[in-house]
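So the structure is just underneath, and the comments pick up after that.
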Amino acid sequence: QVQLVESGGGLVQAGGSLRLSCAASGRTFSDKGMGWFRQAPGKEREFVAAINWNGGSTYYADSVKGRFTISRDNAKNTVYLQMNNLKPEDTAVYYCAARPYSSPVTATRQYNYWGQGTQVTVSS
């Protein structure tokens, strides 16, 4: 089992920045692909960003490309999501997820472990 705990969410004005953190515990973290997803009210959970086991490969949704950066620190068992130039449409609950394979993927169903989520609200 892998336990994931997100933090760093909050209320920010449009154009502002936030950094989300996801702390992992339990099974080995460094060999797992990690992802960030988000879910806005009334909408399905959607892919935001993913990273492979050593940080050498990353993927982003088109809607966040150039504004968000995913990274990881395996020594700290933590994955991050730096979010810059935030927009009101980025408002959602953000979830961290882990999968038992090292490669990053975008499909929700390929992640086995999920955190409880952290709320991000961007005001206009």
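Everything quoted here is computed from the prediction, not taken from an experiment.
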Would you confirm whether T91, through its side chain, and V122, through its main-chain N or O, come within 3.5 Å as a donor-acceptor pair?
-> yes
For T58, which residues count as a side-chain contact (heavy atoms from CB on, under 4.5 Å) partner, sequence neighbours excluded?
-> I51, Y60, I70
Among Q119, E6, R38, which residue meets the side chain to side chain donor-acceptor pair (under 3.5 Å) test with Y94?
-> R38
Does N52 use its side chain to pair, donor to acceptor, with the backbone of G33 at less than 3.5 Å?
-> no
Heavy-atom closest contact (A98 atom, M34 atom, distance) | CB-SD, 3.4 Å
Would T108 and W114 count as a side chain to side chain contact (heavy atoms under 4.5 Å, CB included) if you check the C-alpha gap in whole Å, the side-chain angles of each, and the deciding distance to 0.1 Å?
-> CA-CA 10 Å; T108 307; W114 293 84; 3.4 Å; yes
Could you tell me whether a side-chain N or O of Y111 sits under 3.5 Å from a main-chain N or O of T106, the two making a donor and an acceptor?
-> no
Within a radius of less than 6.0 Å around NZ of K65, do more than 12 heavy atoms belonging to other residues, nucleotides or ligands occur?
-> yes
Return yes if some donor-acceptor pair links the side-chain N/O of T78 with the main-chain N/O of K76 below 3.5 Å, else return no.
-> yes
To the nearest 0.5 Å, how far apart are CD in E89 and OG in S124?
-> 10.0 Å
Under the side chain to side chain contact (heavy atoms under 4.5 Å, CB included) criterion, do W36 and F47 qualify, and how do the steps go?
-> CA-CA 7 Å; W36 285 98; F47 168 75; over 6 Å; no
Only distances under 3.5 Å count here; give the side-chain donor-acceptor pairs of residues 81-88 to other protein atoms, sequence neighbours excluded, each with its distance to 0.1 Å.
residue : atom : partner : partner atom : Å
Q82     : NE2  : N84     : OD1          : 2.9
N84     : OD1  : S17     : OG           : 3.0

For S123, enumerate each residue passing the side-chain contact (heavy atoms from CB on, under 4.5 Å) test, keeping only those at least two apart in sequence or located in another chain.
-> L11, Q13
Pairs meeting criterion disulfide bond (SG atoms under 2.5 Å apart) with involvement of residues 25-114, two or more places apart = C22-C96
Under the disulfide bond (SG atoms under 2.5 Å apart) rule, what pairs show up with a residue in residues 59-89, not counting sequence neighbours?
-> none
Heavy-atom closest pair (G8 atom, L18 atom, distance to 0.1 Å) is O-CD2, 3.8 Å
Where do G115 and Y95 come nearest, in terms of heavy atoms and distance?
-> O-CD2, 3.6 Å
Is NZ or CZ of R19 both nearer than 6.0 Å to the six-membered ring centre of Y80 and within 45° of the ring axis?
-> yes
Honestly, is R99 close enough over Y113, meaning NZ or CZ under 6.0 Å from the six-membered ring centre and within 45° of the axis?
-> no
Over all heavy atoms of both residues, which pair between F29 and D73 is shortest? Give the atoms and the distance, please.
-> CE2-O, 4.2 Å
Tell me, please, which residues at least two apart from S102 pass side-chain contact (heavy atoms from CB on, under 4.5 Å).
-> W53
